[in-house]
Amino acid sequence: MENHDGAILLEEAARLDAADPLARYRGLFIGTDTDLSYLDGNSLGRPLKRTPRDITTFIEEDWGGRLIRGWDEEWLDLPHAIGDQLGRAVLGAAPGQTVIADSTTVVLYKLIRAALAAVADPARTEIVLDTDNFPTDRYLVEGIAREEGLTLRWIEADPASGVTVDQVRDATGPATAVVLLSHVAYRSGFLADLPGITEAAHSVGALVVWDLCHSAGSVELDLDGANVDFAAGCTYKYLNGGPGSPAFAYVNRRHLPGLKQPIWGWMGRKDAFEMAAGYEPAPGIRSFLSGTPAIFGMLAMRGTLDLIEEAGMAAIREKSLKLTAYAVQLFEAWLEPAGVELASPREPELRGSHITLDHPAFRNVTAALWEQDVIPDFRAPHGIRVGLSPLSTSFAELFRGMAAIRDQLRR
Ligand SMILES: Cc1ncc(COP(=O)(O)O)c(C=O)c1O
Ligand SMILES: Nc1c(O)cccc1C(=O)C[C@H](N)C(=O)O
């Protein structure tokens, strides 16, 4: 019976791969011609095959050939040139509002402080966030609240569902300055109602900072359309920028005049190379920069942005929905009967591009899986996260990974 079910599910994987309009993209990534099952692209995306060539060309021709001239000729503009491409391909952001800079943690710090400065109302003394937000987001606002003498208002998030518009309405009011939330929850994969929550925060006069780490490149976004204030996100997950590639910052153009970010550095100053006395911000999104941009770290993500522009975020989201649905189907067939719990929404439209499965044995199971070239990640206390990258994950790869979880659990 089980073999029969397994054969049907494997046939289903083959059928889904054969019908996948994005299937050809998988072969553009390094390592996809092996049997390794990579289910952690939501932590660190795979590299593209073109990346070594792009980086070598940069070293030999740009860095090695142009030397310091490279800054004037191209590199000084790269943070906003790539930012604009990201805005167009992924974020739904018109040019001039997105820049690549710093780590996500530092970008979020700068944005939250800028948002508080933009609110500029002494009666607004609260930052609202949820208990299940990513650790760096929670620690940052704990620090900022201490620096600024503010209070934190915590929304109790159900880890298997997430933060709802109603919860935000209940938690916000005339004392709210800023709301900080993740669009896709790092643990459950819950996809928050970004337009609805943004509107709810605005209706009480607050501003919103969105953490888009798990949504950039996996779900469709329309930041301009939703009138989002500020947003930040990683580029090393679904954008394949590589370990530690710099983050992006989005500042809605209505907040750009007079933007007050807290780290005043020469690269964010008007006429940086005048090296003049006193800090005067550069016009536009450039004022978000602080020090020398990490050009080297920005190179790899350009390859993926080109692919996303070609494939389109609508098709990417469609494949992501099919991947998570198939993962849930395999969970229901093999893991749920073995006592595993789904710690993610059952409704496909409420999911980002990963699911989390809970079982007390999963810490040891994950360690054993990594030994077998099956690579999900483990999130304490007992969750296996199954991350699915629409451009590089195949249904057969997902099938192999879920079958290995089942088999390892039985041992
Ligand atoms: C939601 C979220 N925010 C922030 C971060 C981390 O930011 P940083 O790039 O600064 O480590 C991550 C992942 O590491 C994340 O998933
Ligand atoms: N940023 C990471 C790192 O430097 C090392 C290991 C993992 C990560 C991650 O990206 C974690 C990830 N954001 C998460 O959602 O858990």
Side-chain angles (χ1 to χ4, degrees), residues 38-47 86 90-91 99-113 129-144 155 157 159 162-163 179-192 194 197 208-219 221 230-250 263 288 290-291 293-294 297-298 300-301 324 343-344 351-358 362-363 366-367 370 375-389:
Y38 192 53
L39 303 176
D40 206 5
N42 60 328
S43 234
L44 178 66
R46 289 178 183 269
L86 177 71
V90 174
L91 303 180
V99 75
I100 311 293
D102 313 307
S103 64
T104 315
T105 302
V106 172
V107 166
L108 281 170
Y109 176 80
K110 290 159 87 170
L111 291 177
I112 297 162
R113 291 280 309 264
L129 76 161
D130 71 289
T131 50
D132 204 42
N133 208 338
F134 191 73
T136 217
D137 303 59
R138 291 184 270 117
Y139 307 153
L140 274 172
V141 289
E142 284 167 3
I144 291 172
I155 295 174
V163 178
V179 178
L180 168 69
L181 292 173
S182 286
H183 184 209
V184 172
Y186 83 100
R187 172 171 256 294
S188 67
F190 177 85
L191 177 66
L194 179 145
I197 288 176
V208 185
V209 179
W210 282 102
D211 181 333
L212 304 179
C213 279
H214 284 273
S215 29
S218 72
V219 299
L221 286 157
F230 302 92
C234 304
T235 62
Y236 46 74
K237 300 178 188 290
Y238 299 102
L239 303 178
N240 312 90
S245 61
F248 64 85
Y250 164 90
I263 305 180
F288 192 81
S290 299
M298 293 178 202
M301 69 181 81
T324 56
S344 298
R351 292 195 292 259
S353 209
H354 68 266
I355 60 165
T356 291
L357 305 169
D358 280 342
F362 272 173
R363 187 185 290 273
T366 308
W370 281 33
I375 313 191
D377 67 16
F378 175 76
R379 286 292 170 263
H382 42 235
I384 279 185
R385 244 180 10 169
V386 177
L388 304 159
S389 304

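From a predicted model like this one, the values you see are computed outputs, not experimental measurements. Here, residue 1 is the first one in the sequence, and each next residue gets the next number. First listed ligand is number 1; within each ligand, the first listed atom is number 1.
For ligand 1, the polar-atom distance check finds an N/O of Tyr236 within less than 3.5 Å of one of the ligand's N/O atoms. At under 3.5 Å, not a single nitrogen or oxygen of Ser182, backbone or side chain, sits near a nitrogen or oxygen of ligand 1. For Asp211, a nitrogen or oxygen atom sits less than 3.5 Å from a nitrogen or oxygen atom of ligand 1, counting backbone and side chain alike.
Closer than 4.0 angstrom to ligand 2 lie heavy atoms from Ser43, Phe134, Tyr186, His214, Tyr236, Lys237, Arg379, Arg385.
Distances below 4.0 Å separate heavy atoms of Lys237 from the following atoms of ligand 1: 13 (C), 16 (O). Below 4.0 Å from some heavy atom of Ser103 lie the following atoms of ligand 1, by number and element: 10 (O). Applying the 4.0 Å criterion to heavy atoms of Thr136 picks out, from ligand 1, the atoms 4 (C).
Ring centroids of His214 and His183 are separated by 6.0 Å or more, keeping the two rings apart.
By the 4.5 Å heavy-atom criterion applied to side chains, Thr131 and Ile155 are not counted as neighbours. Residues Leu239 and Leu86 form a side-chain contact, since some pair of their non-hydrogen atoms from C-beta on lies under 4.5 Å apart.
Of the N and O atoms on the side chains of Thr136 and Thr105, at least one donor lies less than 3.5 Å from an acceptor on the other residue.
With sequence neighbours excluded, the residues satisfying side-chain contact (heavy atoms from CB on, under 4.5 Å) with Ala247 are Thr104, Val107. When the salt bridge (Lys or Arg N to Asp or Glu O under 4.0 Å) test is applied to Arg138, no partner is found at least two apart in sequence or on another chain. For Asn133, the side-chain hydrogen bond (donor to acceptor under 3.5 Å, both in side chains) partners two or more places apart in sequence, or in a different chain, are Ser182.
For atom 7 (O) of ligand 1, the nearest protein heavy atom (residue, atom name, distance) is Thr104 CB, 3.3 Å. Distance from atom 10 (O) of ligand 1 to its nearest protein heavy atom, with residue and atom name: Thr105 OG1, 2.5 Å. Looking from atom 5 (C) of ligand 1 to the surrounding protein, the closest heavy atom is Phe134 CE2, 3.4 Å.
To the nearest 0.5 Å, atom CG of residue Asn42 and atom SG of residue Cys213 are 11.0 Å apart.
Residue-level proximity to ligand 1 for Asp137 is carried by the side chain, the only part with a heavy atom below 4.0 angstrom.
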Under the criterion side chain to side chain contact (heavy atoms under 4.5 Å, CB included), I'd like the reasoning laid out for Ile263 against Lys110: C-alpha separation, chi angles, the key distance, then a yes or no. CA-CA 7 Å; Ile263 305 180; Lys110 290 159 87 170; 4.1 Å; yes
